[in-house]
Participant: 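I'd like to ask you about the structure that follows.
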Amino acid sequence: QVQVVESGGGLVQAGGSLRLSCAASGRIFSIKSMGWYRQAPGKQRELVAVIISGGSTDYADSVKDRFTISRDNAKNTVYLQMNSLKPEDTAVYYCNTVLRLSGFTSWSNAWGQGTQVTVSS
């Protein structure tokens, strides 16, 4: 009943920028939060940034002042503007949303398939 689709990944040089998008669709009643996680080979998946329904945000220390998360509530879409990219930012980036589907009383945790971000030296 829900689809979470990321886009915008690619290959960039160090110091460059990318803008990731994530759209959730389906019979969505409400969204509690939307965020971005990433996972590099051999490393655990980590939180990059999250934005909650009230508008507050949280960032990993490694990306603060470089990445900006934003949302378009009308489109159930979250964005991640990534500036001053570093090789260590290379990872698969996953979109996550905590939401309630129409007709259900409990919250669901939905994940996108991921989009590859590669930053060359």
Participant: Partners of Arg45 by salt bridge (Lys or Arg N to Asp or Glu O under 4.0 Å), sequence neighbours excluded?
Facilitator: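 None.
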
Participant: Specify the closest pair of heavy atoms between Gly9 and Val117, including all atoms of both residues, with the distance to one decimal.
Facilitator: CA-CG2, 4.1 Å

Participant: Can you give me the closest heavy-atom contact between Val4 and Ala110, atom names plus distance?
Facilitator: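 Heavy atoms of Val4 and Ala110 come nearest at CG2-CB, 3.8 Å.
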
Participant: Should Val119 and Val63 be regarded as members of a common hydrophobic cluster, given that ILVMFWY residues are connected when their side-chain heavy atoms come within less than 4.5 Å of each other, either directly or indirectly?
Facilitator: yes

Participant: Find the distance between CG (Leu99) and CG (Asn109) and round it off to the nearest 0.5 Å.
Facilitator: 8.0 Å

Participant: Kindly write out the residues that satisfy side chain to side chain contact (heavy atoms under 4.5 Å, CB included) with Glu46, not counting sequence neighbours, or none if the list is empty.
Facilitator: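 Checked Glu46 against side chain to side chain contact (heavy atoms under 4.5 Å, CB included); matches are Arg38.
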
Participant: If a pair satisfies ring pair (Phe, Tyr, Trp, His ring centres under 6.0 Å) and one of its residues is in residues 29-57, list it, with sequence neighbours excluded.
Facilitator: Tyr37-Trp111

Participant: Hey, quick one: are Val92 and Val78 part of the same hydrophobic cluster, counting side-chain heavy atoms closer than 4.5 Å, chains of contacts allowed?
Facilitator: no

Participant: Can a side-chain donor-acceptor contact be found between Gln116 and Thr118 if the only test is distance below 3.5 angstrom?
Facilitator: yes

Participant: For residues Thr97 and Ser33, determine if any side-chain heavy atom of one lies less than 4.5 Å from a side-chain heavy atom of the other.
Facilitator: no

Participant: Taking the side chain as C-beta and beyond, is there a heavy-atom pair between Phe67 and Asp89 under 4.5 Å?
Facilitator: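 Sidechains of Asp89 and Phe67: in contact.
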
Participant: Starting at OG of Ser62, measure out to CG of Asp65 and round the result to the nearest 0.5 Å.
Facilitator: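 Those atoms lie 11.5 Å apart.
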
Participant: Counting only heavy atoms not in Glu88, do more than 12 sit closer than 6.0 Å to its CD atom?
Facilitator: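 Yes, enclosed.
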
Participant: Quick one: name the residues clustered hydrophobically with Tyr79, using the 4.5 Å side-chain heavy-atom rule over I, L, V, M, F, W, Y, and just say none if it's on its own.
Facilitator: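 ILVMFWY cluster around Tyr79 holds nothing else.
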
Participant: Enumerate donor-acceptor pairs with a distance under 3.5 Å from any side-chain N or O in residues 13-23 to protein atoms, sequence neighbours excluded.
Facilitator:
| residue | atom | partner | partner atom | Å |
| --- | --- | --- | --- | --- |
| Ser17 | OG | Asn83 | OD1 | 2.9 |

Participant: Within the 4.5 Å heavy-atom criterion, are Trp107 and Ser30 side-chain neighbours or not?
Facilitator: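 Contact flag for Trp107/Ser30 side chains = yes.
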
Participant: Search all heavy atoms of Ser121 against all heavy atoms of Pro87 and return the closest pair with its distance.
Facilitator: OG-CG, 3.8 Å

Participant: Could you walk me through whether Val2 and Leu101 satisfy the side-chain contact (heavy atoms from CB on, under 4.5 Å) test, starting with their C-alpha distance in whole Å, then the side-chain angles of each, then the deciding distance to 0.1 Å, before giving a yes or no?
Facilitator: CA-CA 8 Å; Val2 63; Leu101 298 172; 3.9 Å; yes

Participant: Shortest non-hydrogen contact from Met34 to Cys95?
Facilitator: CE-SG, 4.3 Å

Participant: For the OG1 atom of Thr77 and the CZ atom of Arg71, what is their distance to the nearest 0.5 Å?
Facilitator: 12.0 Å

Participant: What's the spacing between Ile31 CD1 and Ser108 OG if we round to 0.5 Å?
Facilitator: 11.5 Å

Participant: Do the side chains of Met82 and Tyr93 get nearer than 4.5 Å, heavy atoms only?
Facilitator: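 They are in side-chain contact.
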
Participant: Closest heavy-atom contact between Tyr94 and Gln113?
Facilitator: CE2-O, 3.3 Å

Participant: Among all residues two or more places apart in sequence or in another chain, which pass the side chain to side chain contact (heavy atoms under 4.5 Å, CB included) test with Thr57?
Facilitator: Ile51, Tyr59, Ile69

